[in-house]
**Student:** 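Pasting in a structure now, in structure tokens, and then I'll have a few things to ask.
Lettering follows sequence order; numbering is per chain, from 1. Note that the structure is predicted; figures quoted are calculated from it, not measured.
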There are 2 protein chains.
Amino acid sequence: MSEFFDNWIVQVRKGVLELCILRALENQERYGYELVKTLASVPGLALTEGTLYPLLSRLRVAGLVTARLEESDEGPARKYYALTKEGRRTLADMNDFLDKLNQGTRSLHKLPSL
Amino acid sequence: MSEFFDNWIVQVRKGVLELCILRALENQERYGYELVKTLASVPGLALTEGTLYPLLSRLRVAGLVTARLEESDEGPARKYYALTKEGRRTLADMNDFLDKLNQGTRSLHKLPSL
DNA sequence: GCATGCTACTAGGTTATACAAGGTAGCTGG
DNA sequence: CCAGCTACCTTGTATAACCTAGTAGCATGC
């Protein structure tokens, strides 16, 4: 489509990717490679390993997720990531923030100007 | 709150600000200074003129808004911005994208892994 | 042995943006 | 006439994150 729109998507991803990872982990453990494949199915979320692993690393350092190595019957060991209590809290904060933002801009629609 | 959360907000803003400006213009013309003051009332959206004016300029160059100078009874002339047809289309695309993203990550919640 | 596919990780380059700070100028009231 | 508010705009800087490309290791099948 338009160049502007493409550019916008790039910018949005930067803020949204982390949120999506946290959401994907909300109800189950997942390992990195799985996340890459899973998120590829969501339009606009396709990412590569070079994007995901640094991101997971940041989340771990920040204390939002824990990592656990587990051997696999088929193939190399997998590193499973799970949300911490703090991760859940942060996820809730993020959702709140976006909700408020949505409400805020929606109210701008209808209100008279200053 | 947490440092991670603060940082996240910075990133989210980058993608969301443009969307919010377009939304604010959806139902009415607005001039720059007014936007600064109006958006300051939305939590998380507070911005300065140094942020807004370059942004409006980008939107104008991209053909999403038009600008019209109009004298004011009280104070200096104001520059009113309005959405173009293309601006409306882009706004719709953005909303679509975010909706799909929301659906997509929400489905990740419940689906079994791969 | 070797190719293929799964799994994890790193380094460097590129890109884009928000923000601070500063500048111009008009209008109003004391 | 000057202080303060309205209104618009530009430049420079710092930040930060994604992506490409590459490394490395294990497992399986041939």
**Student:** Quickly work out the A/Glu71 CD to C/dA8 C1' distance and round it to whole Å.
**Tutor:**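 Nearest whole value for this atom pair: 15 Å.
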
**Student:** Which nucleotide sits closest to the side chain of B/Tyr31: C/dC19, D/dC8, D/dT15?
**Tutor:**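 For B/Tyr31, the side-chain atoms sit closest to D/dC8.
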
**Student:** Which nucleotide, C/dA8, D/dC18, D/dT10, lies nearest any side-chain atom of A/Arg58?
**Tutor:**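 Output: D/dC18.
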
**Student:** Can you work out whether A/Pro54 or A/Ser72 has the more 5'-proximal nearest nucleotide on DNA chain D?
**Tutor:**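 Whichever sits nearer the 5' end wins; that is A/Pro54.
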
**Student:** I'd like to know if B/Glu29 and B/Arg68 make a salt bridge, using a cut-off of under 4.0 Å between side-chain N and carboxylate O.
**Tutor:**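 Judged by the 4.0 Å cut-off on N to carboxylate O distance, B/Glu29 and B/Arg68 do form a salt bridge.
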
**Student:** How close or far is atom C1' of D/dC8 from atom OH of B/Tyr53, stated in whole angstroms?
**Tutor:**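 The distance from OH of B/Tyr53 to C1' of D/dC8 comes to 5 Å, rounded to the nearest Å.
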
**Student:** To the nearest Å, how far apart are A/Leu56 CG and C/dA8 P?
**Tutor:**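 These atoms are roughly 9 Å apart.
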
**Student:** Hey, does A/Thr48 reach any base, or is it just sugar-phosphate, or nothing, if we go heavy atoms under 4.0 Å?
**Tutor:**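 It contacts base atoms.
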
**Student:** Specify the separation, in whole Å, of atom CG of B/Leu47 and atom P of D/dC8.
**Tutor:**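 In whole Å, D/dC8 P lies 14 Å from B/Leu47 CG.
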
**Student:** Counting distance only, does the side-chain N/O of B/Arg30 pair as donor-acceptor with the main-chain N or O of B/Tyr81 below 3.5 Å?
**Tutor:**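 Absent.
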
**Student:** Measure from CD on B/Glu49 to C1' on C/dA21 and round the result to the nearest Å.
**Tutor:**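 Whole-Å distance recorded here is 12 Å.
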
**Student:** A/Ser72 side chain to A/Arg78 main-chain N or O, any donor-acceptor pair under 3.5 Å?
**Tutor:**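 No; zero donor-acceptor contacts below 3.5 Å.
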
**Student:** Should the pair B/Arg58-B/Glu18 be classified as a salt bridge under the 4.0 Å nitrogen-to-oxygen rule?
**Tutor:**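 Between B/Glu18 and B/Arg58 there is a salt bridge, with a charged N closer than 4.0 Å to a carboxylate O.
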
**Student:** From the list D/dC8, C/dT7, D/dC19, which nucleotide is the closest neighbour of the side chain of A/Arg78?
**Tutor:**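 Nearest nucleotide to the side chain: C/dT7.
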
**Student:** Under 4.0 Å, counting only non-hydrogen atoms across every strand here, what does B/Lys79 touch: a base, just sugar-phosphate, or nothing?
**Tutor:**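 Contact class for B/Lys79: sugar-phosphate only.
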
**Student:** Just N and O in the side chain of A/Asn7: are any of them under 4.0 Å from OP1 or OP2 of C/dT17?
**Tutor:**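 For C/dT17, OP1/OP2 do have a side-chain N/O of A/Asn7 under 4.0 Å.
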
**Student:** So B/Gly50, base contact, sugar-phosphate only, or nothing? Heavy-atom distance under 4.0 Å.
**Tutor:**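 Since a base atom lies under 4.0 Å of B/Gly50, the category is base.
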
**Student:** What is the distance from CG of B/Leu52 to P of D/dT11, rounded to the nearest Å?
**Tutor:**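 Distance check: B/Leu52 CG to D/dT11 P gives 17 Å.
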
**Student:** With nearest nucleotides of DNA chain C determined for B/Gly75 and A/Gln11 from heavy-atom distances, which residue corresponds to the more 5′ nucleotide?
**Tutor:**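 Nearest nucleotide further toward 5': that of A/Gln11.
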
**Student:** Figure out the CZ/P separation between B/Arg13 and D/dT15, and round it to whole Å.
**Tutor:**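 Between P of D/dT15 and CZ of B/Arg13: 17 Å.
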
**Student:** Report which part of the nucleic acid A/Tyr81 touches: base, sugar-phosphate, or nothing (heavy-atom distance under 4.0 Å, all strands).
**Tutor:**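 Sugar-phosphate, backbone atoms only, no base.
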
**Student:** Return the value, rounded to whole Å, for the distance between atom NZ of B/Lys14 and atom P of C/dT15.
**Tutor:**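 These atoms are roughly 15 Å apart.
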
**Student:** When you measure from the side chain of A/Arg13 to the backbone N and O of A/Ala46, does any donor-acceptor pair fall under 3.5 Å?
**Tutor:**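 At least one qualifying donor-acceptor pair exists.
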
